[in-house]
Amino acid sequence: MGCPLRRERIDGLADRSHAPKAHRWRVSADLEAVICAPSHRRWGPRRLVFELDRRGYPEVSRSTVYRVLVRQQLLEPVSRRRRRDQYRRWGRSAAMELRQMDVTASLFLADGRQCKVITGIDDHSRFCVIATVVMRATARAVCLAFYCRDGRLRNPREVLTDTASSSPAGSGNPPG
């Protein structure tokens, strides 16, 4: 064989692509033609995989079909992850506008009884303003946890739980 520089002389010094000439995982040309057929233009990757399996092309993944459609410019690529500026934070603009109440964990006592941990978090500061342990996580226990604190915190405008809608705090009397 010899040195490529000697065979190609000065042309052997030119820049060349380092990309491989073939990929073993690349879809064959006939399968790509079936995927991109004009009669299938309205089908998405999921439907195409179903139809390909029916027509004797088993084990073609949805992501493979998606990549073929994007490469052939038959489908607009979609970003998988949202950008940071697209995230919408729940946080309120001031402290004590909204408190999130939740049953966050279970504890087991030495005698086998189960207890629940109730927490309340200020939505603006993310500060835990309530943390208490109860035997059963009932509505009464959550209300008692809300009202029976040391009195240093004022009531929030709204309370959010995963089992009830938002309601103004202090609208009723404490349970008792």
Side-chain angles (χ1 to χ4, degrees), residues 23-27 31 35 40 42-71 75-176:
H23 297 284
R24 60 183 169 84
W25 58 86
R26 182 134 186 185
V27 176
L31 178 58
I35 291 171
H40 305 150
R42 298 184 73 189
W43 293 347
R46 187 176 295 145
R47 173 67 188 264
L48 282 167
V49 167
F50 174 76
E51 293 295 332
L52 289 170
D53 189 43
R54 286 181 51 197
R55 295 178 185 188
Y57 295 96
E59 300 179 11
V60 177
S61 71
R62 187 174 57 153
S63 59
T64 299
V65 172
Y66 174 80
R67 284 194 304 270
V68 168
L69 293 174
V70 168
R71 186 170 51 246
L75 195 64
E76 284 290 319
V78 178
S79 176
R80 288 184 178 188
R81 303 180 111 196
R82 291 191 299 178
R83 293 189 315 265
R84 181 169 286 214
D85 61 346
Q86 292 177 329
Y87 286 109
R88 188 174 147 245
R89 190 175 179 292
W90 281 33
R92 298 298 171 104
S93 59
M96 301 311 288
E97 285 186 3
L98 175 69
R99 182 176 299 156
Q100 298 178 31
M101 300 285 293
D102 201 4
V103 178
T104 57
S106 295
L107 304 171
F108 291 94
L109 301 177
D111 63 1
R113 291 183 297 163
Q114 183 179 10
C115 298
K116 299 288 186 178
V117 177
I118 298 174
T119 59
I121 297 175
D122 175 53
D123 197 59
H124 173 72
S125 65
R126 309 307 291 167
F127 181 73
C128 182
V129 293
I130 296 171
T132 188
V133 178
V134 295
M135 292 304 294
R136 290 181 54 219
T138 61
R140 181 175 177 82
V142 173
C143 288
L144 285 171
F146 181 78
Y147 286 107
C148 298
R149 58 194 192 295
D150 62 7
R152 289 185 292 171
L153 298 171
R154 70 186 195 322
N155 288 334
R157 288 192 187 143
E158 293 179 272
V159 177
L160 178 67
T161 67
D162 56 357
T163 57
S165 61
S166 297
S167 60
S171 61
N173 296 326

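Keep in mind the model is a prediction, meaning the values are calculated, not measured.
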Seminar exercise, completed: The reported gap from CG in L75 to CG in L48 (rounded to nearest 0.5 angstrom) is 9.5 Å

For this session: Could you list all the salt bridge (Lys or Arg N to Asp or Glu O under 4.0 Å) pairs where at least one residue sits in residues 58-67, not counting sequence neighbours?
Result: none

Problem set entry | Derivation of the side-chain contact (heavy atoms from CB on, under 4.5 Å) call for I121 and D102 | CA-CA 9 Å; I121 297 175; D102 201 4; over 6 Å; no

Problem set entry | CE on M96 to CG on D123, rounded to 0.5 Å | 11.0 Å

For this session: Indicate the atoms forming the closest heavy-atom contact of V65 with P45, along with that distance.
Result: CG1-CA, 3.8 Å

For this session: Give the minimum heavy-atom separation between D122 and E97, together with the two atoms involved.
Result: OD1-N, 4.3 Å

For this session: For side-chain contact (heavy atoms from CB on, under 4.5 Å), just list the numbers for R92 and R99, CA-CA rounded to whole Å, side-chain angles, deciding distance to a tenth of an Å, and then say yes or no.
Result: CA-CA 10 Å; R92 298 298 171 104; R99 182 176 299 156; over 6 Å; no

Problem set entry | Partners meeting side chain to side chain donor-acceptor pair (under 3.5 Å) with S63 (sequence neighbours left out) | S61

Problem set entry | Reported CG-to-CH2 distance for the pair L69 and W43, which is rounded to 0.5 angstrom | 12.0 Å

Problem set entry | Main-chain N/O of R113 paired to D111 side chain as donor or acceptor, under 3.5 Å | yes

Seminar exercise, completed: Hits for side chain to side chain donor-acceptor pair (under 3.5 Å) against R71, two or more places apart or cross-chain, chain-then-number order -> E32

For this session: For R136, check side-chain contact (heavy atoms from CB on, under 4.5 Å) against everything at least two apart and list the hits.
Result: T138

Problem set entry | Residues which pass side-chain contact (heavy atoms from CB on, under 4.5 Å) with V133, listed by chain and number, not counting sequence neighbours | L107, C115, V117

Exercise. Between V60 and V49, what is the shortest heavy-atom contact and its length?
Worked result: O-CG1, 3.4 Å

For this session: Could you pull out all residues at least two apart from R47 that satisfy side chain to side chain donor-acceptor pair (under 3.5 Å)?
Result: E51

Problem set entry | Taking every non-hydrogen atom, the tightest pair across E76 and Y66 | O-OH, 4.2 Å

Seminar exercise, completed: Across all chains, not counting sequence neighbours, the side-chain contact (heavy atoms from CB on, under 4.5 Å) partners of Q114 are S106, F108, K116

Seminar exercise, completed: Applying side-chain contact (heavy atoms from CB on, under 4.5 Å) to R42 and not counting sequence neighbours gives none

